[in-house]
Amino acid sequence: MKGTILYVGNFELPDKGAAANRVVSNGKLFRKLGYSTAYLGIRKYADFAGVQLLDAEQNMYEEKYPQGIREWFLHMWSVKNIQAVIEEQGDVCMVILYNVPFVLLKRVKHALKSTNIKVAYDCTEWAGVTDGSFAKQMAKKIDEHFIRTKLADVADHLIVISRRMQQAYAKSQHLLLLPPLLDIHDPIWHQSMEKQDEVFEFCFAGILDGNKESLDIIVEAFGNLKRKDTRLRIIGITEQEFCDFYPNGQLLLEQCREQVVFMGTRSHEETIRFESNCDCYIFIRQPDIRNNAGFPTKFAESYTCNVPIIATDISDIRGYLAERGRWTLLETITSEAAERAMREEIERQAAVEKKQKTGLSEDGPDEDPML
């Protein structure tokens, strides 16, 4: 091996969330290039000091997720745990910081300035919104400003997730555009599940993180379908969380409560199994700076699952969808537009099934219409 790349960030290893899935997938790419990868993530709801080893085989370490102002300050300022893993590994040639605060990037650069270790930054979002106190919210806005405007001046190398970021950091000498990667040889992408009924199933998977998702529009549109032969499966969110987040949540569910299945948090493997076996995956996000600068991991997953997609025209997804036929990009972010797209997808698939039964599928009897 040429050396070890250390990935550091607030991701829960090994696969609890899009962040962990991204860095682990990137690690597989680095391995193909001749580098081993170590990871320093976080463990929520834990109480321990320093760093603990989670998985020796995969070089996965974790530190306690901070609670309270003092712990958060140390988490943003201290490089002690990063240096501990560097010493443990012995041959670290690069540290990649995943969406960490700008001040921590500066601290790591300073701590490693007398070494040959390069400091890279993996940027997947420009998010200036957070919950908590007024001071915390202001700190987040200030940090987002520096990440957006000064990152290329500090990091030795940059990994970005979208073309918008690529253009913003164009002056960086070492810049790589890298959308979410998925290992299609992993068994997780080859699961099968026997369909239990003839219900047409829409699927959404995600969490309610600020104003990133517009799940209320999806639920309202689904309720307006007024079709008993349909189902909306929502993974990652409970019914109570939905109603707490959206003031009109109870009202939106009145028309379709029996057809909406809230599954709450599930494993990544189980989530992919349901995504792979749904009739249509749907997500709606506002075309704001956060969503356009980022890249929806759930799009990459549903695309890989090879299922029809209803989505909004954000980030770079139009460029990928142009290569295939079964997709719908909403022209407006409204429940009416989402309802219309849902109806059209139900009718389109019904027409395909009808033709297939007579040996006359829309692309010929032996051709997969997804290809």
Side-chain angles (χ1 to χ4, degrees), residues 5 7 9-33 35-39 41-44 54-62 96 98-99 122 124 159 161 178-196 201-207 209 213 231-238 261-283 294-311 315 317 320-321 323-324 326-327 368 370-371:
I5 296 173
Y7 238 125
N10 290 339
F11 38 78
E12 290 187 86
L13 300 164
D15 61 356
K16 296 179 182 178
N21 292 325
R22 174 174 174 82
V23 300
V24 171
S25 292
N26 288 356
K28 292 180 180 180
L29 178 63
F30 300 149
R31 192 174 304 120
K32 286 183 175 293
L33 296 174
Y35 297 88
S36 62
T37 307
Y39 307 88
I42 53 95
R43 168 64 67 90
K44 292 184 177 179
L54 172 66
D55 188 324
E57 184 177 347
Q58 298 187 71
N59 289 327
M60 291 182 175
Y61 300 82
E62 56 187 10
I96 303 179
Y98 177 87
N99 287 343
D122 185 358
T124 71
I159 303 173
I161 202 168
L178 195 65
L181 301 180
L182 301 171
D183 180 4
I184 61 173
H185 299 293
D186 193 307
I188 196 173
W189 302 106
H190 302 279
Q191 303 178 75
S192 61
M193 183 171 66
E194 188 173 331
K195 198 170 178 64
Q196 300 295 320
E201 181 168 298
F202 294 97
C203 182
F204 167 89
I207 60 174
D209 179 15
E213 305 284 357
R231 176 167 53 234
L232 173 60
R233 187 179 300 277
I234 298 175
I235 305 173
I237 301 163
T238 65
V261 179
F262 288 94
M263 300 191 69
T265 301
R266 298 299 172 112
S267 69
H268 189 224
E269 180 179 5
E270 188 174 6
T271 300
I272 295 302
R273 184 163 69 249
F274 279 107
E275 286 182 21
S276 298
N277 289 277
C278 75
D279 294 291
C280 181
Y281 188 83
I282 182 169
F283 69 92
F295 191 100
T297 300
K298 286 303 174 184
F299 165 75
E301 291 185 349
S302 56
Y303 187 96
T304 303
C305 289
N306 208 27
V307 296
I309 301 169
I310 297 174
S315 188
I317 67 174
Y320 294 93
L321 288 175
E323 300 176 4
R324 56 192 279 180
R326 291 173 65 178
W327 53 268
D368 184 345
M370 287 292 288
L371 300 179

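For the ring pair (Phe, Tyr, Trp, His ring centres under 6.0 Å) test, no residue two or more places apart in sequence or in another chain qualifies with Tyr281. Taking the side chain to side chain contact (heavy atoms under 4.5 Å, CB included) definition, one finds that Asn26 meets it with Tyr7, Arg22, Phe30, Asp122, Leu178, Leu181, sequence neighbours left out.
Residue Phe283 holds its CZ atom at 11.0 Å from NZ of Lys298, rounded to the nearest 0.5 Å. A distance of 10.5 Å separates CD1 of Ile184 from CH2 of Trp189, quoted to the nearest 0.5 Å. With values rounded to the nearest 0.5 angstrom, Leu29 atom CG is found 11.0 Å from Asp183 atom CG. Taken to the nearest 0.5 Å, the CD atom of Glu275 stands 10.0 Å off from the CD1 atom of Ile309. In this structure, the separation between OG1 on Thr304 and CD1 on Ile272 is 8.0 Å, given to the nearest 0.5 Å. For the atom pair CD of Glu12 and CG of Asn21, the computed distance is 11.5 Å after rounding to the nearest 0.5 Å.
Taking all atoms of both residues into account, the shortest heavy-atom contact from Glu269 to Ile188 is CA-CD1, 3.5 Å. Nearest heavy-atom pair across Phe11 and Ala19 is CB-CB, 3.8 Å. Pro14 approaches Val24 most closely through the heavy-atom pair O-CG2, 3.6 Å.
Here the two rings, on Phe262 and Phe204, have centers that are 6.0 Å apart or farther.
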Does the pair Glu270 and Met263 meet the rule for a side-chain contact (heavy atoms from CB on, under 4.5 Å), with working shown? CA-CA 11 Å; Glu270 188 174 6; Met263 300 191 69; 4.2 Å; yes

Could you walk me through whether Tyr320 and Phe295 satisfy the side-chain contact (heavy atoms from CB on, under 4.5 Å) test, starting with their C-alpha distance in whole Å, then the side-chain angles of each, then the deciding distance to 0.1 Å, before giving a yes or no? CA-CA 12 Å; Tyr320 294 93; Phe295 191 100; 3.7 Å; yes

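Of the possible donor and acceptor atoms, one in the side chain of Ser315 sits under 3.5 Å from a partner among the backbone N and O of Gly294. Proximity of a side-chain donor or acceptor of Asp279 to a complementary backbone N or O of Glu201 within less than 3.5 Å is detected. Although no hydrogens or angles enter the test, the distance criterion places no donor-acceptor pair under 3.5 Å between the side chain of Asn277 and the main chain of Ser192.
Residues Cys203 and Ile235 meet the side-chain proximity criterion, which asks for heavy atoms closer than 4.5 Å.
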